[in-house]
Amino acid sequence: MNLREKSLKLHLSIGLSFIGASYIISSAHLGLNGNHIWRQADVYASILGFLEHKNFTNFDTFIFSIKNIYDIPIYQYIIAIFSSGLKVDPLVVARFFNALIWLSVIHSGYKILERHHSSLAGFIFIFLMTTSTLVLHYFSSPLPDNLSIGLSMLGMFLLTSYNKSNYSLAIVALLLSIATLIKSPIPFTFVIFYMSLILCGATALNTKNSKLLQTNINLKLLAILIIISVIAILAELLRGWLLGSTNIGFNQSPSWYFGSLNLRLSKDYWVRIITRLDNSGPLHFLPIYISVTLTALAFDKGKKNIIFTAASLAAFFSGWLVFANVYFIHDYYQLPIIIILYLSFSVSLSTLIIIIGEKINREINTNNTNSFTSVMLTMVVLISASYIVIYHNSISQRSRVNIYNSIEFALSNTDRVLVIDSDNSAPNQNPAIGGLLSTKLETISANDFENECDTYFNENKAFFSKKSSKCLDQNKASSSFYIKNKDGTFLKKSE
């Protein structure tokens with residue numbers, strides 16, 4: 001590689017870093033935000049339980065007097081330990097911790113592609129990761145899935161390395177085991193991808209004489225997979241034991257994870273697969289993925305595109321078809337399969353760019369058929385990305401100031417808030433509002449509250465209604481805090 005090519009790659013790296021930083025800054029709002037706030041709230045409550053915040057205890061939720069556990073709380077415990085030791089807000093700690101995790105994911109993906117295809121493919125992978133609405137939203141959310149993805153990706157990076165000593169395989173087993181304890185469907189997808197690479201003939205991925213998989217370690221890898229499978233089952237049993245009773249999940253009914261045949265055959269199921277995939281990346285990812293992949297397969301005579309494409313599609317559909325119900329309900333389960341599709345898409349797009357670059361070089365009668373023109377063509381992607389950075393869609397909130405910040409401050413010395421639900425027939429048990437306020441909540445229907453205004457007002461200290469409340473309005477004179485805007489009404493009584 002000559003000096004000019006090195007300079008271009010340096011500028012390309014700087015450009016991608018700028019794009020990534022712009023997206024991270026725009027999506028990294030402090031606090032719970034965007035899709036599935038209730039899920040973020042459950043994780044946040046678990047963190048506060050370890051910190052004993054406002055009388056929180058282990059497995060408490062923001063719904064007053066209700067305990068629950070959805071994950072083995074490894075991620076939550078780590079965040080709580082750092083938050084307590086550093087004396088920093090746990091959501092701030094979670095944001096920095098997540099940033100380190102996703103940097104390792106991006107680095108692992110880049111190195112896998114650089115090692116088995118080209119550095120250009122690695123740069124494209126970085127671009128996709130730093131412009132994906134799905135990735136960038138959940139990067140900034142306090143979810144244990146982040147840690148499970150990071151460990152799984154690191155494990156796959158080690159598996160695709162050329163040096164598979166007993167020591168490295170032991171590390172892989174440890175990483176994937178911890179990832180399985182945190183969230184078993186996530187490492188499953190990465191393992192399927194790796195095994196599919198092997199079954200698709202991935203031993204031919206290298207340009208030198210090393211092999212992706214040596215025959216004499218097949219039994220060791222099989223042992224690792226068996227260990228991980230056993231741990232996945234034990235993790236569900238352990239979660240039920242920690243709670244003290246069975247809960248929504250594997251140990252209540254396998255259908256919660258795996259779903260039914262009717263779900264897999266339904267129209268809504270397949271429509272959701274398509275819409276989720278289309279909305280997961282910059283612009284419309286699905287038609288771009290299909291067109292680029294098919295074009296690369298048509299023009300490239302090598303095996304790499306076929307191998308990566310087949311392996312990524314096997315992982316994609318294994319995730320959706322095996323864990324049908326949770327994939328259907330929660331979009332954050334799609335994170336690992338999106339990352340894997342980005343790997344194969346990066347291989348296809350970089351192959352096309354290299355083919356076009358070599359053709360241009362031949363047309364202008366130059367012997368430089370390496371990466372100079374390829375990098376120049378990739379710079380066009382950066383120009384397009386600048387447009388995306390400014391006008392992209394986001395599933396995160398964009399407003400820093402909101403009513404919940406003010407209420408959280410007002411509730412700093414209050415351990416419970418009464419939430420008046422606008423659904424008069426059935427008060428909502430969604431913990432999202434509690435997560436936004438960092439305070440446990442009880443809910444009551446608006447009709448019941450208004451009909452028994454004096455009783456409820458005397459029995460409680462703090463109140464929040466998402467709609468206007470006559471009871472709160474008529475008692476605002478006796479309040480120490482009273483806030484009312486389009487988002488709701490909050491009142492805290494004077495001490």
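Everything numeric in this text was worked out from a predicted model, so none of it was measured. The figures that follow rest on heavy atoms only: side chains count, while hydrogens, waters and symmetry mates do not.
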Report yes or no: does Asp278 contribute a side-chain atom to a donor-acceptor pair with the main-chain N or O of Ile274 at less than 3.5 Å? no

ask   = Any sub-3.5 Å donor-acceptor pair from Asp473's side-chain atoms to Ser468's backbone N or O?
value = no

query = Taking atom types as modelled, is there a side-chain donor on Thr160 or Tyr194 under 3.5 Å from an acceptor on the other?
reply = no

Would you say that Phe50 contacts Pro73 through its side chain, given a criterion of any heavy-atom pair below 4.5 Å between the two side chains?
yes

**Message:** Could you tell me if Asp145 and Ser148 have a donor-acceptor pair between their side chains, going purely by distance under 3.5 Å?
**Reply:** no

query: Do Ser119 and Glu114 meet the criterion of a side-chain donor-acceptor pair at a distance under 3.5 Å?
result: no

With a 6.0 Å cut-off (strictly less than), is the heavy-atom count around OH of Tyr482, excluding the residue itself, greater than 12? yes

- Message: Taking Ile79's backbone N and O only, do any of them form a donor-acceptor pair with Ser83's side chain (distance below 3.5 Å, no angle check)?
- Response: no

Please table the atom pairs, donor to acceptor, closer than 3.5 Å between any side-chain atom in residues 312-325 and protein atoms at least two apart or in another chain.
from   : atom 1 : to     : atom 2 : distance (Å)
Ser312 : OG     : Phe308 : O      : 3.1
Ser312 : OG     : Thr309 : O      : 2.9
Ser312 : OG     : Ser344 : OG     : 3.0
Ser318 : OG     : Ala314 : O      : 3.2
Ser318 : OG     : Ala315 : O      : 2.8
Asn325 : ND2    : Trp256 : O      : 2.8

(message) Does this structure show an ion pair linking Arg416 with Glu442, if we count only N-O contacts that are shorter than 4.0 Å?
(response) yes

Are Ile420 and Ser469 side-chain neighbours, meaning at least one heavy-atom pair lies under 4.5 Å? no

query = Is Val93 close to Ile78 at the side-chain level, that is, under 4.5 Å between some pair of heavy atoms?
reply = no

For this session: Would you mind reporting whether Leu154 and Val172 have side-chain heavy atoms less than 4.5 Å apart?
Result: no

Closest non-hydrogen atoms of Pro142 and Val43, given as atom of the first, atom of the second and distance, are O-CG1, 3.1 Å

For a quick check under 3.5 Å, do Glu52 and Thr57 share a side-chain donor-acceptor pair by atom type? no

Residues passing the ring pair (Phe, Tyr, Trp, His ring centres under 6.0 Å) test with Phe490, sequence neighbours excluded, are none

- Query: Taking the six-membered ring for Trp, are Phe56 and Phe62 parallel (under 30°), tilted (30 to 60°) or perpendicular (over 60°)?
  - Reply: perpendicular

Do Ser108 and Met156 have side chains that approach each other closer than 4.5 Å (heavy atoms only, starting at C-beta)?
no

Which of Asp42, Asp331, Leu143 passes side-chain contact (heavy atoms from CB on, under 4.5 Å) with His36? Answer is Asp331

- Message: Classify the ring geometry of Phe97 against Tyr75: parallel below 30°, tilted from 30° to 60°, perpendicular beyond 60°.
- Response: tilted

Those residues at least two apart in sequence (or on a different chain) that pass ring pair (Phe, Tyr, Trp, His ring centres under 6.0 Å) with Phe193 are none

- Query: Where the side chain of Thr275 meets the backbone of Arg272, is there a donor-acceptor pair that is under 3.5 Å apart?
  - Reply: yes

Compute the ring centroids of Phe463 and Tyr456, then answer whether they are less than 6.0 Å apart. no

Residue pairs meeting disulfide (SG to SG under 2.5 Å), one or both in residues 50-110, sequence neighbours left out, come to none

Residues pairing under disulfide (SG to SG under 2.5 Å) where one sits in residues 431-495, two or more places apart or in two chains, turn out to be Cys453-Cys471

Does Ile288 reach the side chain of Phe345, with side-chain heavy atoms less than 4.5 Å apart?
yes

- Arg264 side chain to Ser260 main-chain N or O, any donor-acceptor pair under 3.5 Å? yes

> Given side chains that start at C-beta, do those of Ile403 and Ile407 come closer than 4.5 Å, heavy atoms only?
Replying inline: yes

Does a donor on one side chain and an acceptor on the other come within less than 3.5 Å for Lys54 and Ser438? no

With sequence neighbours left out, the residues meeting side-chain contact (heavy atoms from CB on, under 4.5 Å) with Ser478 are Phe457, Asn475

Open item on the list: Looking at Asp60 and Lys440, is any side-chain nitrogen of the basic one under 4.0 Å from a carboxylate oxygen of the acidic one?
Closed with: yes

- prompt: Counting only heavy atoms not in Phe481, do more than 12 sit closer than 6.0 Å to its CZ atom?
  reply: yes

Partner of Asn146 under side chain to side chain donor-acceptor pair (under 3.5 Å), picked from Tyr332, Trp102, Tyr138, is Trp102

Subject >> Sub-4.5 Å side-chain heavy-atom contact between Lys461 and Lys492 >> reply: no

Under 3.5 Å donor-acceptor, Lys493 side chain and Asn460 backbone: yes

### Query
Do NZ/NE/NH1/NH2 and the carboxylate oxygens of Lys466 and Asp421 come within less than 4.0 Å?
no

Using 30° and 60° as the class boundaries, would you call the ring planes of Tyr333 and Tyr327 parallel, tilted or perpendicular?
tilted

Closest non-hydrogen atoms of Leu113 and Ala121, given as atom of the first, atom of the second and distance, are CD1-O, 3.5 Å

For a side chain to side chain contact (heavy atoms under 4.5 Å, CB included) check, start with the C-alpha distance between Ile149 and Ile101, then their side-chain angles and the critical distance, and finish with the verdict. CA-CA 8 Å; Ile149 289 171; Ile101 291 171; 5.8 Å; no

Check: His53 side chain, Thr439 main-chain N or O, donor-acceptor pair, under 3.5 Å:
no

